[in-house]
Amino acid sequence: MSLFITWLAALVTAAIPLLYELVLWWTQRQRPAQVARTAHANLREEWFSAVSAVAGSEILAVQTLRNSLMSATMIASTAAIGLMGAATLVAPSLHPPLEVGSLLLHITPRLAMELLLLATLFASLVYSVMAVRYYNHVGFIVSMPVGSAQRRFWAASGGVYVRRAGLLYGWGLRHLILVAPMLGFIVHPLAGPVAAVLVVVALWGFDRLAPTH
């Protein structure tokens with residue numbers, strides 16, 4: 001396979017998900033009610049408001065947050081393991097160490113995709129860890145007795161934190177899914193664009209809001 005075709009396949013593999021994210025971002029700004037991400041963020045805020053209004057819901061709220069926190073922890077662990085594996089994959093390409101200028105001259109399509117894979121897994125890890133952090137903060141807030149002065153003081157922050165935690169968790173999971181086209185490209189360059197299309201189709205099914213909503 002020619003170097004031109006390989007580079008073209010690498011660019012298409014990266015461009016398809018990026019273009020999809022731009023379209024989704026535009027749709028979210030123009031018609032937020034049609035995007036599941038916005039609806040679910042609102043759902044989490046409304047959930048926090050509901051459990052903050054009902055005395056005796058503290059234990060149930062903490063259990064719900066514990067499930068979300070464990071899910072985010074699993075995503076972070078998976079991303080960390082994948083990151084270590086990807087670093088092992090990239091290391092031989094960077095040995096012996098090259099200077100920045102020399103490295104740019106030695107970048108191949110495969111190496112570029114491997115570096116993108118590292119960046120994506122690292123982003124997934126960071127997003128997931130930050131989601132764990134915010135879920136942890138919300139857990140302390142919802143465990144305060146409903147109606148207490150402390151609960152009322154932290155109520156606004158709790159709504160912001162639970163919304164932010166959900167968005168960060170979604171981005172962490174999303175970046176983990178976006179690893180698939182890169183792995184496909186590494187296996188065979190032409191598999192990358194095909195995997196990118198399949199991933200975008202799957203994401204569209206998750207991102208669009210059901211008509212009943």
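Remember, it's a predicted structure, so these values are computed and weren't measured experimentally.
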Of all heavy-atom pairs between [X] and [Y], which one has the smallest distance, and what is that distance?
X      : Y      : result
Pro17  : Leu178 : CB-CD2, 3.8 Å
Tyr169 : Ser71  : OH-OG, 2.8 Å
Val142 : Phe48  : CG1-CE1, 3.4 Å
Leu125 : Ala79  : N-CB, 3.7 Å
Leu121 : Ala86  : CD1-CB, 3.8 Å
Ile75  : Ser128 : CG2-OG, 3.0 Å

With the side chain counted from C-beta on, respond yes when [X] and [Y] share a heavy-atom pair under 4.5 Å apart, and no when they do not.
X      : Y      : answer
Arg29  : Val35  : no
Pro109 : Phe185 : yes
Trp47  : Leu65  : yes
Arg174 : Glu21  : yes
Trp154 : Phe140 : no

Does [X] share a hydrophobic cluster with [Y], counting links as ILVMFWY side-chain heavy atoms below 4.5 Å and allowing steps through other members?
X      : Y      : value
Leu43  : Leu69  : no
Leu173 : Val126 : yes
Val197 : Val194 : no
Leu116 : Leu3   : yes
Trp171 : Val162 : yes

Distance (rounded to the nearest 0.5 Å) between [X] [atom1] and [Y] [atom2]:
X      : Y      : atom1 : atom2 : result
Leu83  : Thr78  : CG    : OG1   : 12.0 Å
Tyr161 : Asn136 : OH    : CG    : 11.5 Å
Met113 : Leu118 : CE    : CG    : 12.5 Å
Ile59  : Thr64  : CD1   : OG1   : 11.5 Å
Ile186 : Met182 : CD1   : CE    : 9.0 Å
Leu176 : Met74  : CG    : CE    : 11.0 Å

Checking Gln150 against Met144 for the side chain to side chain contact (heavy atoms under 4.5 Å, CB included) test, could you report, in this order, the C-alpha distance in whole Å, the side-chain angles of both residues, the deciding distance, and whether it holds?
CA-CA 7 Å; Gln150 292 82 0; Met144 295 176 182; 3.8 Å; yes
Has the side chain of [X] got a donor or acceptor atom that lies under 3.5 Å from a matching backbone atom of [Y]?
X      : Y      : value
Ser49  : Glu45  : yes
Glu58  : Val146 : yes
Arg152 : Gly147 : yes
Arg37  : Asp207 : no
Thr27  : Val23  : yes
Thr108 : Leu111 : yes
Arg151 : Pro145 : no

Could you identify which residues cluster with Trp25, counting Ile, Leu, Val, Met, Phe, Trp and Tyr as linked when any side-chain heavy atoms lie under 4.5 Å apart, either directly or through a chain of such contacts?
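Joined to Trp25, directly or through intermediates: Trp26.
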Which is it for Leu183 and Val187 under the side chain to side chain contact (heavy atoms under 4.5 Å, CB included) test, yes or no, and what are the steps along the way?
CA-CA 6 Å; Leu183 292 176; Val187 173; 5.6 Å; no
Check the pair Val62 / Arg66 against side chain to side chain contact (heavy atoms under 4.5 Å, CB included), numbers first and verdict last.
CA-CA 6 Å; Val62 169; Arg66 183 183 300 167; 4.2 Å; yes
Would you call the rings of Tyr20 and Trp204 parallel, tilted or perpendicular, where under 30° means parallel and over 60° means perpendicular?
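Geometry flag for Trp204 against Tyr20: perpendicular rings.
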Set of side-chain contact (heavy atoms from CB on, under 4.5 Å) partners for Arg164, sequence neighbours left out:
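Result, side-chain contact (heavy atoms from CB on, under 4.5 Å) vs Arg164: Tyr134, Val160, Leu168.
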Examine the side chains of Thr38 and Gln28 and answer whether a donor and an acceptor come within less than 3.5 Å of each other.
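A donor-acceptor contact under 3.5 Å links the two side chains.
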